[in-house]
2 protein chains.
Amino acid sequence: MTTIYDIAKKANVSAMTVSRVINNTGRISEATRKNVKKVMEELNYVPNSMARSLVLQKTKILSLLITDITNPFYTTLARGAEDSAKQNGYKLLLGNSDEDYAKEKDYVDMILSTRVDGVLFAPAGDHSLDQLRQLQTHQIPFVLLDREVPELASDMVLGDSKEGARRLVDHLIELGHRRIALINGSMDVSTARLREQGYVEALKLAGIPVDEELMLPLSYRSVDDLQVLDPLLQLSDPPTAIFAANNFIAVGVIKALRAKGISVPEEISIACFDDLGIASELHPFMTVAAQPAYQFGVLGMQLLIEKIEGKTDPQTHRKLILPSELLIRQSTSALK
Amino acid sequence: MTTIYDIAKKANVSAMTVSRVINNTGRISEATRKNVKKVMEELNYVPNSMARSLVLQKTKILSLLITDITNPFYTTLARGAEDSAKQNGYKLLLGNSDEDYAKEKDYVDMILSTRVDGVLFAPAGDHSLDQLRQLQTHQIPFVLLDREVPELASDMVLGDSKEGARRLVDHLIELGHRRIALINGSMDVSTARLREQGYVEALKLAGIPVDEELMLPLSYRSVDDLQVLDPLLQLSDPPTAIFAANNFIAVGVIKALRAKGISVPEEISIACFDDLGIASELHPFMTVAAQPAYQFGVLGMQLLIEKIEGKTDPQTHRKLILPSELLIRQSTSALK
DNA sequence: CAATTTTGGGTTATCGATAACTCCAAAATA
DNA sequence: TATTTTGGAGTTATCGATAACCCAAAATTG
């Protein structure tokens with residue numbers, strides 16, 4: 001690969017002059033500037049960002065860590081983050097933890113050794129604390145996305161999990177349901193806890209008893225076990241509606257119900273958090289609390305860049321809460 | 001950030017000794033090795049991969065460029081590529097061109113300046129040739145994914161576009177359809193051309209006249225224009241079936257038909273290339289030619305790594321063609 | 001026991017770029 | 001004409017890590 005030295009030699013100037021032309025710094029006569037630029041083109045020069053980063057002590061690379069690259073919520077978020085990063089002259093390194101702490105840790109090691117300027121971090125759960133402390137130790141700025149981590153102050157962009165859950169469950173209650181199950185993500189994820197709170201609150205306000213048997217914590221990643229609902233279905237007083245704490249859980253639930261020959265919404269109503277991307281475009285079926293995923297990415301990136309470029313007070317932490325939108329579709333219907 | 005020099009000083013050895021401990025090279029006594037490791041932990045040392053890359057002349061970073069991060073085909077592919085990269089000790093830089101040559105070019109510039117060791121490249125289309133020539137000029141190894149580029153020899157992993165299309169159209173013909181429309185991607189994408197060929201071939205073999213009026217080249221990205229099908233629907237002899245050249249086109253078509261109150265498959269049958277991710281899990285509706293997306297990623301990564309590590313003859317180019325699977329679901333039905 | 005290996009580790013140069021400083025000649029000013 | 005500016009560069013050190021070379025002390029050998 002050609003370096004500034006190759007160019008310097010061919011253009012009969014010093015390397016420093018080439019560097020000045022590249023960065024538009026210092027004083028360079030129009031003649032030599034032109035000459036250097038010509039030689040740069042001839043030799044197909046591309047600056048080596050490793051070398052540059054080494055001396056500048058910054059990379060202009062940001063990192064986005066999501067927990068599931070196949071989930072439309074995160075891919076849409078990623079697109080927002082990417083657009084926003086590009087606009088600000090940053091590159092984006094995308095990582096995927098698959099809701100797995102070990103993968104997350106690997107990724108953080110990678111981030112540290114790459115010396116990225118900052119990280120947009122969607123934590124796998126509460127135990128992500130270790131990884132985040134690592135980032136703090138090394139003074140890598142980060143912004144949390146979608147999920148909060150106890151004991152950790154930070155800028156963050158969250159959804160209104162509790163309120164969204166409350167509204168979804170309210171909707172089910174208004175349809176006449178009183179036996180409403182909650183299929184939740186793992187309880188070490190903040191959103192799962194909040195969605196449970198919203199669920200419980202809605203029930204209590206409506207005077208419906210909260211039945212532990214109807215609450216099933218699983219995982220936000222796709223549930224492939226077709227028997228997973230059996231404990232619920234075998235109850236003497238089985239649920240007539242299900243609130244799935246995210247889109248993938250809802251898909252798993254639908255598959256399980258289909259395997260049992262139970263029809264939605266005729267026999268059981270379902271509603272979930274997060275919209276389903278093209279699935280909803282293809283067939284607007286699922287009643288959801290849709291989050292503004294693209295905005296999550298854009299705003300998170302904005303907070304991060306402001307933080308990096310020192311435009312904000314490092315002491316104060318900002319917490320953006322984005323509302324979700326209740327989209328009532330066909331997966332929920334009145335109790336017969 | 002702590003460097004090997006900080007460690008060297010505190011451990012009372014030279015920087016080189018620290019480097020040797022890190023890389024497990026040279027001869028180090030067990031005592032000093034332990035001591036150095038202890039100091040490394042105390043100081044939270046993480047190697048600076050910029051500095052290392054600079055001297056080693058390789059980054060251990062690979063890049064994956066896809067054309068649509070919200071398309072399940074590509075996200076599944078990405079997961080395959082990522083898993084495979086990680087297994088081989090490489091990091092993955094993910095990029096998204098949005099089917100846009102300008103974004104693609106930006107991304108290639110970024111790749112060049114980051115000096116990645118290799119690229120998995122899903123080209124936006126034939127004009128990606130410029131970008132690929134850039135990579136060649138700078139001797140960055142790459143493997144093409146999903147799409148071929150004329151005039152360019154390279155390792156690649158492709159689907160069987162022609163055969164897959166032929167089988168989908170055959171299926172429609174067997175159902176009795178003779179007026180079958182093709183809604184295609186842009187004609188400067190190899191898969192679009194091949195899918196057209198497969199379509200034409202299937203019709204010809206069945207003795208059905210090929211009607212140019214039924215062939216509509218659009219874009220592989222989501223089609224949002226609800227009027228887009230009007231020219232077809234207003235024909236005196238409108239189509240009774242539609243072959244959509246990819247999943248997003250099919251979604252656009254479905255939306256357009258829904259807006260017109262036309263029901264699928266009762267009034268019009270639809271089949272498309274590429275499965276729809278969770279959309280199909282949620283509601284297995286669309287008849288598709290499903291490609292092994294994860295395998296695209298894994299195999300592409302494998303070819304790339306073999307190429308980088310010089311395990312293959314650089315002269316010969318390998319072309320893997322992965323078959324697709326015809327999944328007959330509910331969007332297609334017999335002509336009445 | 002002297003000669004030779006081996007062990008364990010240090011020195012120096014280098015990767016490609018930039019910051020900070022220096023330097024000189026021509027132009028501007030006194 | 002003498003002196004100061006200033007425009008237009010060049011020199012050197014540096015970022016953090018590793019390759020290549022070097023060297024003393026300890027261990028082995030005949």
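Protein chains get the first letters and strands the later ones, always in sequence-line order, with residue 1 at the start of each. It should be emphasised that the depicted structure is a prediction, and the values quoted were computed from it without experimental measurement.
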Inset, instruction - Would you tell me whether A:Asp83 and A:Tyr294 have side-chain atoms, one donor and one acceptor, within less than 3.5 Å of each other? - result: yes
Inset, instruction - Take the protein atom CG of A:Leu56 and the nucleotide atom P of C:dA17, then report the distance between them rounded to whole Å. - result: 12 Å
Inset, instruction - State which of D:dG16, D:dG7, C:dT11 makes the closest approach to the side chain of B:Val55. - result: D:dG16
Legend entry - Main-chain N/O of B:Val189 paired to B:Arg147 side chain as donor or acceptor, under 3.5 Å: no
Inset, instruction - Would you mind reporting whether A:Ser219 and A:Glu99 have side-chain heavy atoms less than 4.5 Å apart? - result: no
Legend entry - Spacing between B:Met16 atom CE and D:dA19 atom P, to the nearest angstrom: 6 Å
Inset, instruction - Output the single nucleotide from D:dA9, C:dG8, D:dA17 whose closest atom is nearest the side chain of A:Ser29. - result: D:dA9
Legend entry - Nearest-angstrom distance from the residue atom CD of A:Gln57 to P of D:dA17: 10 Å
Inset, instruction - Provide the full list of salt bridge (charged side-chain N to carboxylate O under 4.0 Å, His left out) pairs with a residue in residues 303-316 of chain B, sequence neighbours left out, each pair given once. - result: B:Glu306-B:Arg318, B:Glu309-B:Lys311
Inset, instruction - Would you indicate which nucleotide in D:dA17, D:dG10, C:dC15 comes nearest to any side-chain atom of B:Ile4? - result: D:dA17
Inset, instruction - Calculate the interatomic distance between A:Met50 atom CE and D:dT14 atom P; express it in whole Å. - result: 24 Å
Inset, instruction - Could you check which of C:dT18, D:dG16, D:dC21 has an atom nearest any side-chain atom of B:Thr3? - result: D:dG16
Inset, instruction - Just call it for B:Thr25: base, sugar-phosphate, or nothing, with non-hydrogen atoms closer than 4.0 Å on any strand. - result: nothing
Inset, instruction - Tell me which of A:Tyr5 and A:Arg20 sits closer to the 5' end of DNA chain C, going by the nucleotide each one is nearest to. - result: A:Tyr5
Inset, instruction - Report the distance from atom CE of B:Met40 to atom P of D:dA17, rounded to the nearest whole Å. - result: 10 Å
Inset, instruction - May I ask you to say what A:Val18 touches in the nucleic acid, namely base, sugar-phosphate or nothing, with a heavy-atom cut-off under 4.0 Å? - result: nothing
Legend entry - Proximity to the side chain of A:Ile28 - top-ranked nucleotide from D:dA9, D:dG16, C:dA17: D:dA9
Inset, instruction - Write down the distance between NZ (A:Lys34) and C1' (D:dA9), rounded to a whole number of angstrom. - result: 19 Å
Inset, instruction - Could you tell me the separation between the CD atom of A:Glu30 and the P atom of D:dG7, rounded to a whole number of Å? - result: 15 Å
Legend entry - Under 3.5 Å side-chain donor-acceptor pair for B:Glu104 and B:Ser128: yes
Inset, instruction - Would you kindly say whether A:Tyr74 and A:Asp146 are connected by a side-chain donor-acceptor distance under 3.5 Å? - result: yes
Inset, instruction - Write down the distance between CZ (B:Arg27) and C1' (C:dT5), rounded to a whole number of angstrom. - result: 10 Å
Inset, instruction - Kindly give the heavy-atom pair with the smallest separation between A:Asp155 and A:Leu303, and that separation in Å. - result: CB-CD1, 4.3 Å
Inset, instruction - Please report how far the helix from C:dC1-D:dG30 to C:dA30-D:dT1 bends, comparing the axis fitted to its first five pairs with the axis fitted to its last five, to the nearest 10 degrees. - result: 40°
